[in-house]
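Just the heavy atoms: all of them, side chains too, but no hydrogens, waters or symmetry mates, feed the values below. Proteins get letters first, then strands, A, B, ... in listed order; numbering begins at 1 in each.
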Amino acid sequence: MDSVLMQEMLRDMLLARAFEERAAEEYAQGNIAGFLHLYPGEEAVGVGVIRATEPADYIVSTYREHVHALVRGIPAGAVMAELFGKKGGCSGGMGGSMHLFDRERRFMGGYAIVGETFPVATGIAYAIAMRELPEAVICFFGDGAVNQGTFHESLNMAALWRLPVLFVCENNHYQIGTEIHRHSAVTEVYKRACGYRIPAKKINGMDVLAVYQATRDALAQIRAGNGPQLLECETYRFRGHSMADAGNYRPRVELQAFEKTEDPVKIATAEALLPYPSSEQIIAAGSDNIERLASYLDRAGHITPGALEAMRQEVKQIVDAAVRFAHESPEPSMEDAEAALECNRHGEVLL
Amino acid sequence: MAEMMFWEAVRRAHDEEMARDPLVIAMGEDIGVAGGTYKATQGLWDKYGPERVIDTPISENGFTGLGIGASFLGVRPIIEIMSVNFAWLAMDQIFNTAAKVRYMSGGQLEAPVVIRSPGGCAHQLGAQHSARMEKVFMGVAGLRVVTPSNPRQAYGLIKSAVRCNDPVFINEHELMYNMKGEVPDGEYFHPLEGSEVAREGKDVTLFGYNVSVHWCLQAAEILSKQHGIEAEVVDLYSLSPLDRKGIVESVSKTHRAVIAEEAEPAVGVGAEVMAILNEECFFELDAAPVRVSAANVPVPYNHGLEKAAIPNAKDVVEAVLSLYGR
């Protein structure tokens with residue numbers, strides 16, 4: 001694989017991690033409110049998939065979409081300002097963290113209803129197919145979304161009409177706080193595609209090169225007119241579901257089992273206080289996709305420790321500048337809100 | 001002006017818009033090969049092919065969302081939801097996606113879809129096939145709601161809705177597809193906002209929409225012949241937005257108001273019209289406005305009970321007479 005591309009993907013992942021960690025800090029300081037769903041741990045999926053797309057392809061994403069937006073090329077300042085709810089945000093401050101949009105970059109939105117994205121992405125694919133264009137749609141979703149009716153409705157229609165859509169499951173094993181073996185009878189998501197005659201593959205979502213290659217292969221099939229494909233990327237999120245979630249889930253039976261020997265209040269308290277793992281802990285656990293790629297590039301001679309450090313400094317500066325931009329961006333007015341609801345009018349027949 | 005049936009008017013609007021613009025498509029259950037439950041898309045499958053007249057699976061949320069997604073890229077889908085009762089299944093896509101996408105994208109995306117659906121009470125279809133859902137749709141910002149009371153409006157409203165960049169929900173009535181009426185021979189675009197005076201009068205305003213316009217017109221005849229009361233009938237074909245100006249104008253003239261609706265009274269068109277009268281012209285009123293609404297039960301299957309639950313012209317007459325203390 002092209003070493004320049006690999007270094008770009010490493011840079012994307014470093015930026016993604018730095019951006020999200022900074023977003024958590026800004027949330028703690030009260031600059032970002034509402035729900036804030038962060039991506040650390042899952043970077044290899046978003047980066048590998050979107051780097052494998054063409055600029056003419058469309059992205060439809062979920063509420064955990066900041067990194068998808070960044071990799072797509074939306075400036076970090078516009079993303080951060082949207083998280084701040086400011087006018088300079090990529091949705092003019094009208095969307096917030098869960099609704100990032102950039103029509104020009106074909107980033108067709110972050111949507112916050114689990115399962116809402118399947119029909120939307122399938123419809124965009126229908127519009128592409130009507131025009132017989134060599135474009136495709138990427139539809140991101142989590143493991144929790146596959147139990148929504150829209151998943152099955154959309155896979156059926158996409159296969160029935162051979163639509164150019166790549167369904168990408170970011171399987172982080174938890175639907176909010178419920179582990180996959182407790183929410184799904186079949187825990188291997190890719191197998192569900194069989195029911196709809198859709199070719200599907202399970203890949204290591206911690207390995208950006210594997211994700212990239214699998215996406216390239218799937219998109220080639222789609223562009224050849226062979227209809228939809230599905231990729232299940234196994235990954236893990238290091239944080240809770242959102243900033244409002246400490247991540248201390250535990251089945252009741254499990255708690256009851258511990259009750260006799262340990263005080264559940266103590267356990268819960270201790271778990272609520274669990275700090276975000278340090279980079280050393282993450283490296284020790286061996287699952288961090290960023291360290292994995294960095295060390296691979298180092299061993300293969302594509303990047304020196306010095307260059308890596310320079311990259312870290314560069315992304316830090318980008319994030320600092322993004323936060324400055326967000327702070328300086330004006331608040332939207334109620335007139336802006338009304339204009340957002342009623343704009344883009346052209347050639348309509350109203351009265 | 002040619003006389004045609006309601007379903008023919010709906011079909012004509014589809015045909016003209018599809019002939020004009022290759023991005024206009026129709027989709028829904030049984031609308032293609034089978035021609036539609038109410039014949040509203042008859043013959044279009046043969047004329048425009050399966051890619052533009054799409055027979056969908058029974059997946060209301062899925063195919064409504066598919067139409068919405070396609071509309072982001074300039075496709076103009078006319079989505080038929082076979083019965084408004086099934087529209088409940090598509091609420092997520094209609095409310096969360098279509099109605100909000102322009103707003104939450106800061107104006108970057110829009111969903112110019114037309115969603116048509118027959119609703120109302122036909123004959124003994126039972127609780128789950130006799131829904132009156134207009135009140136649900138009209139309460140949502142970002143969504144237009146119109147409801148035709150005759151073939152001319154049906155034709156003209158679909159034509160305008162297809163050319164409008166907002167999502168438009170068109171509430172039709174199951175009993176009206178065979179209704180005959182005059183439709184202009186040339187192309188006609190009915191306004192998506194406003195109201196129409198269906199009958200002029202000076203003593204009382206009867207507000208109706210869709211099927212209840214006809215109850216009001218019948219009631220007005222009875223009131224004129226038997227009671228010497230000249231009622232004005234205002235057809236509220238646009239439910240969202242409601243025509244505040246037209247409502248106030250008529251009541252400022254007649255000083256009395258009755259609202260007839262096929263739905264249960266709570267949170268409905270009647271409640272909204274009364275609120276507007278309160279806000280805009282309270283001191284013009286000679287009597288407190290009255291609603292004529294359905295009984296607060298799911299629509300009964302039993303013939304007698306069904307008739308008793310749904311209002312009619314006689315109920316409207318009685319409501320008017322009550323305003324005069326008769």
Side-chain angles (χ1 to χ4, degrees), chain A residues 58 60 82 87 89-96 98-104 108-109 111-113 115-131 137 148-150 152-154 156-158 160-161 163 332 336-337 339-351, chain B residues 22-23 25 27 50-52 54 56-75 77 89-90 92-93 95-113 141-142 144 156 159-166 189-194:
Chain A
Y58 293 85
V60 175
E82 193 58 41
K87 197 166 174 170
C90 60
S91 307
M94 296 301 148
M98 302 189 281
H99 306 300
L100 304 176
F101 288 82
D102 189 332
R103 180 67 178 84
E104 270 181 32
M108 305 301 275
Y111 297 86
I113 309 296
E116 180 188 3
T117 51
F118 299 117
V120 169
T122 307
I124 292 172
Y126 198 92
I128 293 168
M130 275 181 77
R131 296 173 165 110
V137 187
Q148 285 282 21
T150 48
H152 302 276
E153 295 177 20
S154 301
N156 177 52
M157 291 188 291
L160 184 65
W161 298 324
L163 302 179
D336 293 325
L341 192 60
E342 298 193 29
C343 61
N344 289 0
R345 295 201 177 286
H346 42 83
E348 296 176 80
V349 182
L350 282 179
L351 292 165
Chain B
L23 289 176
I25 64 172
M27 52 192 295
E51 284 183 8
R52 293 185 59 203
I54 309 166
T56 65
I58 300 177
S59 306
E60 283 82 7
N61 205 22
F63 72 70
T64 302
L66 186 148
I68 291 164
S71 79
F72 293 176
L73 265 59
V75 175
L89 292 156
D92 170 44
Q93 290 294 330
F95 290 170
N96 279 318
T97 313
K100 294 178 188 170
V101 74
R102 183 192 280 147
Y103 176 80
M104 67 188 190
S105 68
Q108 294 179 82
L109 296 191
E110 55 192 5
V113 290
R144 288 183 177 279
K159 297 273 291 183
S160 298
V162 170
R163 312 274 184 110
C164 174
N165 292 336
D166 300 325
F189 295 90
H190 196 284
L192 291 175
E193 295 182 5

Part of [X] within contact of chain B (heavy atom distance under 4.5 Å):
{"X": "A/T150", "result": "side chain"}
{"X": "A/A112", "result": "neither"}
{"X": "A/I124", "result": "both"}
{"X": "A/F118", "result": "neither"}

How far does [atom1] of [X] sit from [atom2] of [Y], to the nearest 0.5 angstrom?
{"X": "A/R103", "Y": "B/E110", "atom1": "CZ", "atom2": "CD", "result": "9.5 Å"}
{"X": "B/F72", "Y": "A/M108", "atom1": "CZ", "atom2": "CE", "result": "6.5 Å"}
{"X": "B/E51", "Y": "A/W161", "atom1": "CD", "atom2": "CH2", "result": "11.0 Å"}
{"X": "A/E116", "Y": "B/K100", "atom1": "CD", "atom2": "NZ", "result": "8.5 Å"}
{"X": "A/S91", "Y": "B/Y103", "atom1": "OG", "atom2": "OH", "result": "11.0 Å"}
{"X": "A/M130", "Y": "B/L73", "atom1": "CE", "atom2": "CG", "result": "10.5 Å"}

Heavy-atom cut-off 4.5 Å, strictly under: side chain, backbone, both or neither for [X] against chain A?
{"X": "B/L89", "value": "neither"}
{"X": "B/P50", "value": "backbone"}
{"X": "B/P112", "value": "neither"}

Point to revise | Top contributor to chain B interface from A/R131, A/M98, A/H152 [non-hydrogen pairs under 4.5 Å] | key: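 Max contact count across the listed options: A/R131.
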
Should [X] and [Y] count as side-chain neighbours, where that means a heavy-atom distance under 4.5 Å?
{"X": "B/S105", "Y": "A/H99", "result": "no"}
{"X": "A/Y111", "Y": "B/N96", "result": "no"}
{"X": "A/D102", "Y": "B/Q108", "result": "yes"}

Point to revise | side-chain contact (heavy atoms from CB on, under 4.5 Å) partners of A/E153, counting only residues at least two apart | key: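 With sequence neighbours excluded, A/E153 shows a side-chain contact (heavy atoms from CB on, under 4.5 Å) to B/S59, B/N61, given in chain and number order.
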
Point to revise | Residue pair B/G62 / A/P119: nearest heavy atoms and the distance that separates them | key: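 It is O-CB, 3.4 Å.
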
Check your understanding: What heavy-atom pair brings A/L341 and B/A99 nearest, and what distance separates the two atoms?
Key ->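 Smallest interatomic distance, heavy atoms only, reads CD1-O, 4.3 Å.
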
Review point. When you look at CD1 of B/I58, are more than 12 heavy atoms from neighbouring residues, nucleotides or ligands closer to it than 6.0 Å?
Key: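 No.
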
Review point. Can you name the residues that form a side-chain hydrogen bond (donor to acceptor under 3.5 Å, both in side chains) with B/Q93, not counting sequence neighbours?
Key: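 With sequence neighbours excluded, B/Q93 shows a side-chain hydrogen bond (donor to acceptor under 3.5 Å, both in side chains) to B/T97, given in chain and number order.
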
